[in-house]
Every structure is written in structure tokens, then in C-alpha cells.
Amino acid sequence: MPFNEYFDTVVDDKIISNSSLNGIYVKKNFLDNVDKLDNFIVANSDELDIIDNQTYRRLGGKLVKFKLSTIFVYEDFILTAFTKFDEHNKAILTMPEYIEFLINFWDRVNRVYAQKTVSVPIFGSGITRIKEHKNISDEDLLKIMLWTFKLSEMKFKHPAKLTIVVHEDKIGQINLFNIKSIELGL
């Protein structure tokens with residue numbers, strides 16, 4: 001489940017969008033008790049993953065900033081710090097940060113997946129802005145995810161597997177044959 005670098009949990013269309021995967025997750029699972037998730041994150045934080053402990057954010061939100069790819073395993077969900085926030089609380093990344101996130105994410109997932117199937121969205125296909133690549137397609141993002149997964153040398157042991165979930169509204173925009181042919185080296 002992708003979060004921002006602060007693991008913000010306020011779903012108000014200012015910090016977290018109601019329509020984002022992150023917003024839907026928080027509302028569905030913590031509507032009446034978001035403190036439960038906040039307390040879990042605080043209790044399970046590793047000092048090595050904390051970049052900064054701010055005293056103020058102009059537009060609100062949490063003050064502890066985590067390294068990208070920091071993960072917390074909450075029940076059956078892997079929560080990850082996926083995006084940085086700019087001064088207007090807009091989710092942003094550069095392409096090098098995106099690739100670094102993915103490589104580190106696969107490594108961290110490898111340590112915690114406990115031979116269970118892992119399902120992830122196409123990271124960056126929602127409202128995240130990838131600087132210098134405003135018009136990058138979901139297909140290109142998927143290719144980058146698969147490439148970094150392959151580079152990571154992460155191996156799921158049978159019967160576990162990696163599933164990348166493509167939203168039904170976007171499946172027609174991805175040439176799955178092209179993705180498969182790249183994998184086969186065609």
C-alpha cells in the first residue's frame with residue numbers, strides 16, 4: 001500500500017486524496033480509528049528509516065519523514081513510503097528516485113514476505129507526479145517495475161508469487177503482449 005514519506009493518514013483531499021489507493025485503504029480499514037494505524041507506525045518505526053523529525057509542515061500532516069521504500073507490515077498489508085511531498089502536499093518523485101524506491105522496495109519485501117503472494121499496484125500510475133516524465137505511460141511504469149524486480153534477484157518460493165494489479169480502467173492502455181515479449185527476449 002503506497003503512502004507518502006510521512007505515512008500521513010488524514011484523508012481530506014488536501015493531504016491524502018479520497019480517491020487514491022492510499023485514501024481508500026485508510027478509510028476502509030481505519031475510518032473510526034486512524035489512531036490505531038498511527039500508533040502502529042510509531043511503535044514499529046526504526047530510527048535507521050527516519051530522515052527527519054520536523055517541527056512544522058505548512059499544510060499539516062505528520063512530522064516524521066521516512067526514507068522512501070520504508071515498509072511496515074500491518075496485518076496482510078505492506079505499507080510503504082512511496083512518494084515525497086512538495087510544499088503543497090503533492091506527491092512527487094524524480095525518475096532516479098522512482099527506480100531507487102523500486103530496487104529498495106523489492107529488497108525490503110524479500111525480507112518480510114514470508115513466502116506469501118505479494119500483490120502491488122503499478123506504482124506511480126495514480127496521482128504521483130514523476131518529474132521530467134509527466135506523460136509516462138502505465139505500460140512504461142510496469143516495464144520499469146518488472147526490470148527492477150528482475151535486477152533485485154528477488155525470488156518468490158513456490159507457491160508464492162508477485163502479482164502486479166492493473167486497474168480495470170487502465171488495462172486497455174497496456175500492451176500485455178509487448179510486456180510478455182520483452183520477458184521472453186523477443
Side-chain angles (χ1 to χ4, degrees), residues 1-94 96-131 145 148-149 152 154 160 162-165:
M1 192 58 51
F3 277 74
N4 63 37
E5 63 193 334
Y6 296 97
F7 284 93
D8 282 321
T9 54
V10 176
V11 182
D12 61 356
D13 286 330
K14 293 177 185 147
I15 297 177
I16 299 175
S17 170
N18 278 286
S19 61
S20 69
L21 187 56
N22 180 216
I24 293 167
Y25 169 77
V26 171
K27 286 189 315 187
K28 181 178 178 187
N29 295 288
F30 302 98
L31 181 63
D32 297 326
N33 193 5
V34 77
D35 288 341
K36 183 177 180 182
L37 178 58
D38 291 338
N39 292 335
F40 174 83
I41 290 168
V42 169
N44 291 282
S45 294
D46 184 337
E47 288 293 322
L48 296 174
D49 288 325
I50 295 173
I51 293 175
D52 192 14
N53 203 341
Q54 302 178 355
T55 56
Y56 174 76
R57 279 177 61 200
R58 187 171 67 89
L59 297 176
K62 292 183 182 174
L63 301 175
V64 176
K65 185 190 293 189
F66 292 86
K67 291 179 187 174
L68 295 185
S69 78
T70 297
I71 63 172
F72 295 99
V73 178
Y74 187 89
E75 296 177 353
D76 287 336
F77 290 91
I78 296 174
L79 316 179
T80 187
F82 169 58
T83 61
K84 292 185 173 187
F85 258 21
D86 68 10
E87 65 277 1
H88 303 289
N89 281 347
K90 290 185 179 168
I92 57 167
L93 282 176
T94 64
E97 288 168 336
Y98 181 71
I99 292 169
E100 182 179 1
F101 160 80
L102 288 167
I103 290 170
N104 292 330
F105 175 77
W106 300 130
D107 182 52
R108 289 173 186 250
V109 167
N110 194 33
R111 289 185 233 150
V112 300
Y113 87 102
Q115 297 183 356
K116 293 181 183 176
T117 294
V118 175
S119 298
V120 297
I122 298 178
F123 288 113
S125 70
I127 60 174
T128 301
R129 295 150 192 86
I130 299 179
K131 289 182 177 180
M145 286 181 67
T148 58
F149 180 77
S152 75
M154 180 177 175
L162 170 67
T163 302
I164 300 176
V165 179

By ring-ring contact (aromatic ring centres under 6.0 Å, His included), which residues pair with F40, not counting sequence neighbours?
Y74

Between CG on residue N22 and CD1 on residue I16, distance to nearest 0.5 Å:
4.0 Å

Backbone N or O of H88 within a donor-acceptor pair of the D86 side chain at under 3.5 Å?
yes

Verify side-chain contact (heavy atoms from CB on, under 4.5 Å) between L93 and F82, making sure each step is shown before the conclusion.
CA-CA 9 Å; L93 282 176; F82 169 58; 3.7 Å; yes

Taking the side chain as every heavy atom from C-beta outward, state whether L79 and L37 have any atom pair closer than 4.5 Å.
yes

Would you say P2 and T83 make side-chain contact, with heavy atoms under 4.5 Å?
no

Rounded distance [0.5 Å steps], CD1 in I15 versus CZ in R57:
6.0 Å

Applying ring-ring contact (aromatic ring centres under 6.0 Å, His included), can you list everything that pairs with Y113, at least two apart in sequence or on another chain?
F156

For N29, the side-chain contact (heavy atoms from CB on, under 4.5 Å) test, sequence neighbours excluded, returns Y25

Partners passing side chain to side chain donor-acceptor pair (under 3.5 Å) against E97 (at least two apart in sequence or in another chain):
K84, T94

When rounded to the nearest 0.5 angstrom, what is the spacing between CG in N4 and CG in N89?
7.5 Å

Could you measure the distance from the CG atom of L102 to the CZ atom of F123? Nearest 0.5 Å is fine.
7.0 Å

Find the distance between CD1 (I164) and OG (S119) and round it off to the nearest 0.5 Å.
10.0 Å

Describe, in one word, how the ring planes of F149 and W106 are oriented to each other, choosing from parallel (under 30°), tilted (30 to 60°) and perpendicular (over 60°).
perpendicular

Would you sort out whether K14 and L59 count as a side-chain contact (heavy atoms from CB on, under 4.5 Å), showing the intermediate values?
CA-CA 8 Å; K14 293 177 185 147; L59 297 176; over 6 Å; no

If we count only N and O atoms by modelled type, under 3.5 Å, do the side chains of N18 and K27 hold a donor and an acceptor together?
yes

Got T80 and F101 here, is their nearest side-chain heavy-atom distance under 4.5 Å?
yes

Between S17 and S19, is there a donor-acceptor pair closer than 3.5 Å when you use the side chain of the first and the backbone of the second?
yes

Using the ring-ring contact (aromatic ring centres under 6.0 Å, His included) criterion, which residues pair with F3? Sequence neighbours excluded.
F7

Look at atom CG of D76 and say whether more than 12 heavy atoms of other residues, nucleotides or ligands are closer to it than 6.0 Å.
no

Between CD1 of I99 and CD1 of I103, what distance do you get to the nearest 0.5 Å?
7.0 Å

Please report, to 0.1 Å, the donor-acceptor pairs under 3.5 Å made by any side chain of residues 63-73, with sequence neighbours excluded.
from : atom 1 : to   : atom 2 : distance (Å)
K67  : NZ     : L48  : O      : 2.9
S69  : OG     : R108 : NE     : 3.1
T70  : OG1    : K67  : O      : 2.7

